[in-house]
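Here's the structure we're looking at; comments come further down.
Because only heavy atoms are used, hydrogens play no part in the values below, and waters and symmetry mates are left out as well, while side chains stay in.
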Amino acid sequence: MATNVMALLGLLALASVAGMASGAGGHDYALALKKSILYFEAQRSGVLPPNQRVTWRENSGLFDGKANGVDLVGGYYDAGDNVKFGLPMAFTVTMMSWGILEYGKQMAAAGELRNAMDAVKWGTDYFIKAHPEPDVLYGEVGDGDTDHSCWQRPEDMSTSRQAFRIDPQNPGSDLAGETAAAMAAASLVFRSTYPGYANLLLEHSKQLFAFADKYRGKYDASITVARNYYGSFSGYGDELLWAAAWLYEATEEGCYLEYLARNGDALGGTGWSINQFGWDVKYPGVQVLAAKFLLQGRAGAHAATLQRYRQNAEFFVCSCVGKGAVNVPRTPGGMMYHQRWNNLQFVTSASFLLTVYADYATRLPGSGGGVRCPGGAARPYEILAFVRSQVNYILGDNPRGTSYMVGYGGSFPRQVHHRGASIVSVRKNPSFVSCQEGYSSWYPRQAGNPNVLEGAIVGGPDEYDDFADERNNYEQTEAATYNSAPLLGVLARLAGACGTGLEEYQLPPATAVNQTSPPPHRRRPHHAPPSPVEIEQNVTRTWATRRATYNRYSVTVTNRSRKTMRELHLGVSELRGRLWGLDKARYGYVPPRWLPALRAGESLRFVYVQLGTPANVWVTGYKLV
């Protein structure tokens, strides 16, 4: 993955003569890439550089960290507010770095490689400041509660700028692990051009990983003000594996590969098969990286374990493209759909993983040239064509004809939920805007924002492709850095796709896409080993009314492994009635609190009642300890 960035920078001179690549739908992916990178300049905190291109912004947060005796000036605001949240910021930098490592050549051809590297460095410069001691990491500046009581430009901030940290007494393995991953990935970005800086990043990364692993705990138990905004629902196991994978990629040191293999069961890397990837849950990303190591012949003695990671990576691919045992739902217009609030974050992150996995399957030995899915083979060109359909949807090929990238196309959101963009630029009117003045004079305005947040990816439409361009509709009109970061690599890949044959492949009509689970006999991928979790459903009672017949289903879930199973998560779809015996969680259903673990051979039972056929029940994730 280590791209020769020095050589790539030489390609920047070609940008003036390189044509702008367009897809079959007529989209200018290189222009979209340019705008996406520009968005990160609008999110900058600190002292803006002389080459700042988003000119409606000015310096802000110049005293961040001062009350804590540390310099925390810089970094990124996460979304439409003025808080610097460490966990999503680190994920943003990791994904930007990964995009550069995979598709830096295409970025260079589009004239955007240097801008992309600058965007990464703006984040890593801040992380260096935020990590003043080996076992100390500052994970937040400001807090969402006080910030959300104000509607102010970042240049006018009068809210609390208290900084919050993790340390051995107040651990945060997820935050430290993600920051370690970001700095390891970024070290590869700068390895050829700035080797001294790359070495510094790698030193910080190693220290943070050691800190995360030694002092284990969820960061939102230590930085409690983050819990309502970026709570750690998936725990810290995925970030520890994620950091180890990136450190192995950056160093080739076997201890990190051994960590990945040895802790696959205990930390969930081999047990989680989930079709979401984002700032909280990193398992699919870890699994794709592990699959790459395997396909490259870098697994060594750990090939068997990495094969289990690969199987979960391919579960993700199959589920996204509609050929899995359990598939990601889609809107009538064809967009992958997980949730109403900021759904597009999952569309862009999944699109990136699909893109790199399709390319791995094409280029690397041992891949077989495609992915075997329960619903049939997913060939690389099919996967890439599906990715393009998702990107084109974002750029305007959707039932509304709306581009969900601000500033791209003729119709895009004008009332983005963003403090800085919605208030007149401090450069045009330097008069102080107070908390309440912002809410009374600027927040309720019916007109579009005075500043265009170029390149931002907003939360996007709902499950019916509906979207309301209203500033107070934060679930749909707020943009975030982690929406855009994964898209950089995808857009670069598409911008360089002309002549590859991708533009010749057409997706089948949306009505032909399998949006439901296949019949029961096909519910387990045929290449997967027997699961340590056994699920059995039985009808225990039936009763009829004048209009319908109801069944009471009893479901028994048994741990067939020889280890204790913790953090079991179950997926349940096609549920049309009430369920008893499980608790709803962020990623499916979990056992009740009084049953934190299943020892070897133990079972749990739950029941539900509904009309007709049974619900589909499957395992989302578990850890074996």
Across all chains, not counting sequence neighbours, the side chain to side chain contact (heavy atoms under 4.5 Å, CB included) partners of A116 are I37, I100, M107
Smallest separation among heavy atoms of L384 and A358, with atom names: CG-CB, 3.8 Å
Result for ring pair (Phe, Tyr, Trp, His ring centres under 6.0 Å) between F85 and one of F91, Y230, Y76 points to Y230
side-chain contact (heavy atoms from CB on, under 4.5 Å), that's the test. Do M117 and R114 meet it? Break it down for me. CA-CA 5 Å; M117 293 173 68; R114 188 178 296 277; 5.7 Å; no
Heavy-atom closest pair (S422 atom, P450 atom, distance to 0.1 Å) is O-CD, 3.4 Å
From CD (E314) to OH (Y357), nearest 0.5 Å: 3.5 Å
Please confirm whether the backbone N or O of L487 pairs with a side-chain atom of T348, one donor and one acceptor, at under 3.5 Å? no
Between Y283 and the options F316, W272, F277, the ring pair (Phe, Tyr, Trp, His ring centres under 6.0 Å) test singles out W272
Atom of Y39, atom of A480 and distance for their closest heavy-atom approach: OH-C, 3.2 Å
side-chain contact (heavy atoms from CB on, under 4.5 Å) between K292 and L295: does it pass, once the steps are laid out? CA-CA 5 Å; K292 184 190 180 188; L295 295 173; 5.8 Å; no
Verify, without hydrogens or angle tests, whether R419 (side chain) and R153 (backbone) share a donor-acceptor contact under 3.5 angstrom. no
To the nearest 0.5 Å, how far apart are CZ in R57 and OG1 in T55? 11.5 Å
Assess the residue pair Y259 and F209 against the criterion (ring pair (Phe, Tyr, Trp, His ring centres under 6.0 Å)); give the C-alpha distance rounded to whole Å, side-chain angles, the decisive distance to 0.1 Å, and a yes or no. CA-CA 11 Å; Y259 186 97; F209 176 68; 5.0 Å; yes
Looking only at side-chain N and O atoms, does Y404 offer a donor or acceptor that is under 3.5 Å from a partner on N483? no
W122 and E41: CA distance, side-chain angles, deciding distance, side-chain contact (heavy atoms from CB on, under 4.5 Å) verdict: CA-CA 9 Å; W122 194 268; E41 296 192 17; over 6 Å; no
Is there a donor-acceptor contact under 3.5 Å linking the side chains of Y77 and S45? yes
Could you tell me if R44 and Q52 have a donor-acceptor pair between their side chains, going purely by distance under 3.5 Å? yes
With no hydrogens and no angle check, do the side chains of Y197 and T124 hold a donor and an acceptor under 3.5 Å apart? yes
Distance col, row I383:CD1 vs D359:CG, nearest 0.5 angstrom, shows 9.5 Å
In Å and rounded to the nearest 0.5 Å, what is the CD to CG distance from E178 to D280? 10.5 Å
For M335 and D462, the nearest pair of non-hydrogen atoms, with its separation, is CE-O, 3.9 Å
Report the C-alpha separation of R414 and D469 in whole Å, then their side-chain angles, then the decisive distance to 0.1 Å, and conclude whether the salt bridge (charged side-chain N to carboxylate O under 4.0 Å, His left out) test is met. CA-CA 7 Å; R414 306 283 175 166; D469 185 13; over 6 Å; no
Assign the ring pair Y194 / F190 to parallel, tilted or perpendicular, where the plane angle (0 to 90°) is split at 30° and 60°. tilted
If you take all heavy atoms of G285 and L353, which pair is closest and at what distance? N-CD1, 3.9 Å
Without hydrogens or angle criteria, can the side chains of H27 and D397 be said to hold a donor-acceptor pair below 3.5 Å? yes
Does the side chain of Q43 come under 3.5 Å of the side chain of H418 through a donor N or O and an acceptor N or O? yes
Side chain S389, main chain F386, donor-acceptor under 3.5 Å: yes
Donor-acceptor under 3.5 Å (E239 side chain, L175 main chain): no
Using only atom types and a distance under 3.5 Å, with no angle test, would you say the side chain of Q390 pairs donor to acceptor with the backbone of S351? no
Side-chain donor-acceptor pair present, E102, Y360, cut-off under 3.5 Å: yes
Side chain to side chain donor-acceptor pair (under 3.5 Å) assessment of D465 paired with T331: CA-CA 6 Å; D465 300 301; T331 66; 2.6 Å; yes
Indicate yes or no for a side-chain donor-acceptor contact from Q345 to the backbone of G278 under 3.5 Å, with no hydrogens or angles considered. no
Hey, does the side chain of S403 reach the backbone of Y408 with a donor-acceptor pair shorter than 3.5 angstrom? yes
Counterpart residues, side chain to side chain contact (heavy atoms under 4.5 Å, CB included), relative to E253 (two or more places apart): K206, T251, C255, Y256
Assess whether side-chain contact (heavy atoms from CB on, under 4.5 Å) is satisfied between W279 and T92, documenting all intermediate values. CA-CA 8 Å; W279 59 262; T92 293; over 6 Å; no
Rounded to the nearest 0.5 Å, what separates atom CD in Q415 from atom CG in N449? 7.0 Å
Start with the C-alpha gap between D78 and Y482, add the side-chain angles, then the distance that decides, and say whether side chain to side chain donor-acceptor pair (under 3.5 Å) holds. CA-CA 8 Å; D78 71 303; Y482 45 86; 4.7 Å; no
Does the N451 side chain pair with the main chain of W56, one donor and one acceptor, at a distance under 3.5 Å? no
Charged N to carboxylate O below 4.0 Å: is that the case for E58 and R427? yes
Donor-acceptor contact present, side-chain Q296 to main-chain R298, <3.5 Å: no
Straight-line distance of L453 CG to M405 CE, nearest 0.5 Å: 11.5 Å
Residues E478 and D81: closest non-hydrogen pair is OE2-N, 4.2 Å
Check: C320 main-chain N/O paired with N275 side-chain donor or acceptor under 3.5 Å: no
